[in-house]
Amino acid sequence: MVTKDRECVFGDVVDGKMVLSGMGVFVNNEIQNIPKFRDNIIIDEYIVMPNHVHMIVGIDNDQH
């Protein structure tokens, strides 16, 4: 997912490490909460970058 106009709103890379802004912390927390509200969604890996998010998402169709 990419931010509108690729604006760097989630933070900055400083000395090779991602430093999250307030919005970046919010996005990070919301991603971590997804499985709490969606039983069939598995967030395998993710990383929040300055203007986008990478995620590997699993969907468990066996959940009822």
Side-chain angles (χ1 to χ4, degrees):
M1 296 178 279
V2 179
T3 61
K4 183 180 180 201
D5 299 325
R6 298 188 185 276
E7 186 178 354
C8 294
V9 296
F10 299 143
D12 293 297
V13 177
V14 178
D15 295 326
K17 295 181 95 173
M18 182 61 195
V19 178
L20 297 175
S21 65
M23 181 63 72
V25 170
F26 175 80
V27 168
N28 189 69
N29 291 340
E30 290 302 305
I31 291 169
Q32 290 177 354
N33 285 327
I34 290 171
K36 294 177 185 175
F37 299 103
R38 301 284 183 235
D39 293 337
N40 65 328
I41 301 297
I42 300 141
I43 306 299
D44 187 44
E45 295 285 336
Y46 74 94
I47 187 166
V48 179
M49 299 302 291
N51 65 356
H52 64 283
V53 176
H54 294 274
M55 286 197 309
I56 299 173
V57 179
I59 301 172
D60 184 355
N61 287 324
D62 293 333
Q63 293 287 332
H64 300 281

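Because the structure is a prediction, the values reported are computed rather than measured.
- Applying the side-chain contact (heavy atoms from CB on, under 4.5 Å) rule to Asp44 yields the partners Ile56; only residues at least two apart in sequence or on another chain are considered.
- Going from atom CD1 of Ile41 over to atom CD1 of Ile34 covers 8.0 Å, rounded to the nearest 0.5 Å.
- For the atom pair CE of Met18 and CG of Asn28, the computed distance is 9.5 Å after rounding to the nearest 0.5 Å.
- Applying the side-chain contact (heavy atoms from CB on, under 4.5 Å) rule to Val19 yields the partners Val14; only residues at least two apart in sequence or on another chain are considered.
- Here ring-ring contact (aromatic ring centres under 6.0 Å, His included) pairs that include residues 14-52, with residues two or more places apart or in two chains, are His52-His54.
- Residues Met1 and Ile43 are members of one and the same hydrophobic cluster, defined by side-chain heavy-atom contacts under 4.5 angstrom among Ile, Leu, Val, Met, Phe, Trp and Tyr.
- Minimum interatomic distance between Pro50 and Asp12 (heavy atoms only, all atoms of both residues): CG-CA, 4.2 Å.
- Environment of CE in Met23: sparse, with no more than 12 heavy atoms of neighbouring residues, nucleotides or ligands closer than 6.0 Å.
- Annotation: side-chain contact (heavy atoms from CB on, under 4.5 Å) contacts of Glu7 (sequence neighbours excluded): Thr3, Val9.
- For Asn33, the side-chain hydrogen bond (donor to acceptor under 3.5 Å, both in side chains) partners at least two apart in sequence or on another chain are Lys36.
- Between Val48 and Phe10, the closest heavy-atom pair is CG1-CB, 3.7 Å.
- Residues satisfying the side-chain contact (heavy atoms from CB on, under 4.5 Å) criterion with Ile42, sequence neighbours excluded, are Asp60.
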